[in-house]
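On a predicted model such as this, the values are computed, not experimentally measured, just so you know.
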Amino acid sequence: MQPASKLLTLCFLILMGTELTQVLPTNPEESWQVYSSAQDSEGRCICTVVAPQQTMCSRDARTKQLRQLLEKVQNMSQSIEVLDRRTQRDLQYVEKMENQMRGLESKFKQVEESHKQHLARQFKG
């Protein structure tokens, strides 16, 4: 699971935990759908995010609220992905510049040594 999807799942869990308090119906397969789930390192399911199916209770205020929250989480996820791409690009640029700076520093040291040797030869001569 990528960091962005982990963050998306975490945000969604937090938003659902703070906004929804309804208990699941007796038969979840009929009116609820799984949006996301998380697994531990051994592959066991440790949490599952469920929500009413879109066809159920379409006029219900909680369904509308859930849909709005889901859109916000999706927008946040997209923003995080854009920021991640920008950060990766910026990091590559910084690494490239660091390499170039090391190369320049090495060349300056060579020029400085050459200059010192040249001055030493002039004083001997």
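- With rounding to the nearest 0.5 angstrom, the CE atom of M76 is 9.5 Å from the CG atom of L69.
- Between the side chain of S77 and the main chain of V73, no donor-acceptor pair closer than 3.5 Å is present.
- Counting heavy atoms from C-beta outward, Q78 and V82 have side chains that stay 4.5 Å or more apart.
- A distance of 7.0 Å separates CG of N75 from CD of E71, quoted to the nearest 0.5 Å.
- For the atom pair CG of L104 and CG of N99, the computed distance is 11.0 Å after rounding to the nearest 0.5 Å.
- At least one donor-acceptor pair under 3.5 Å links the side chain of T87 to the backbone N or O of L83.
- Of the inter-residue distances, the one linking E112 atom CD with E105 atom CD reads 10.5 Å to the nearest 0.5 angstrom.
- You'll find the side chain of E81 reaches within 4.5 Å of the side chain of R85, heavy atoms only.
- Taking CG of D84 as the reference point, atom OG of S79 lies at 12.5 Å (rounded to 0.5 Å).
- Atoms CZ and NE2, from R121 and H118 in turn, are 7.5 Å apart once rounded to the nearest 0.5 Å.
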